[in-house]
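Everything on this sheet refers to the single structure shown next.
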Amino acid sequence: MGFCLFNNVAIAARYAQENYKVGKVAIIDWDVHHGNGTQEIFYEDPTVLYISLHQYPFYPGTGSREEKGTGKGYGFTLNFPMPAGSNDDDYLKIFGNEIVPALEKFKPELIIISAGFDAHRDDPLAGMALTENAFSKMTDLTKSVAEQFSDSRILSVLEGGYNLQALSRSVEAHMRSLK
Ligand SMILES: [Zn+2]
């Protein structure tokens with residue numbers, strides 16, 4: 001329901017599993033919109049941990065905490081709905097206290113980031129209050145998990161971001177943390 005014809009991240013996760021013998025993949029989606037497509041694709045799949053932080057309630061309407069997966073996939077979808085106006089501290093608290101422990105428990109062999117930067121405070125589409133610093137810190141935390149479990153393998157895929165100045169600063173902060 002977003003602006004894409006293909007779900008690049010979902011295709012990449014499956015491709016890695018089928019072609020590179022990667023067992024468990026974690027997808028961290030900090031785009032401000034809930035990734036309803038990614039969630040649905042892996043909803044019954046315990047080999048892909050889908051984690052989303054997003055503005056809620058907001059388009060596309062999905063992504064409540066109660067949506068946790070189904071069947072064998074129950075518990076492998078984790079939604080962190082955030083109220084409009086959430087700032088760096090709000091995001092980093094959730095990331096440090098809930099997302100990092102969930103990743104450590106899952107032990108991903110590959111981490112893919114749905115790297116949308118539309119939760120930035122200058123973004124015109126959404127109502128969040130993040131600065132570049134939040135993206136930098138979330139990247140640092142993701143990196144520390146990747147170093148422990150996935151041989152430092154992180155694939156980051158650019159998603160939303162609709163104020164070009166804020167987007168370029170956020171991408172730069174993200175990439176400086178990645179290197
Ligand atoms: Zn978005």
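Just so you know, ligand 1 is whichever comes first in the structure, and atom 1 is the first atom listed for that ligand.
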Practice task
Answer yes or no as to whether an N/O/S atom of E159 is found below 2.8 Å from the Zn ion (ligand 1).
Solution key: no

Problem - Residues that A13 engages under side-chain contact (heavy atoms from CB on, under 4.5 Å), provided they are two or more places apart - result: V25, I27, F42, I112

Problem - Counterpart residues, salt bridge (Lys or Arg N to Asp or Glu O under 4.0 Å), relative to E44 (two or more places apart) - result: none

Practice task
Looking only at N, O or S atoms, find the one in H33 nearest to the Zn ion (ligand 1) and name it.
Solution key: ND1

Handout entry: Identity of the N, O or S atom of D31 lying closest to the Zn ion (ligand 1)
Key = OD1

Practice task
Measure from NZ or CZ of K137 to the centre of the six-membered ring of F95 and say whether it is under 6.0 Å with the direction within 45° of the ring axis.
Solution key: no

Problem - Within the 6.0 Å centroid threshold, strictly below: F58 and H34 - result: no

Exercise for the section: Among the N/O/S atoms of D118, select the one at the shortest distance from the Zn ion (ligand 1) and name it. Expected result: OD2

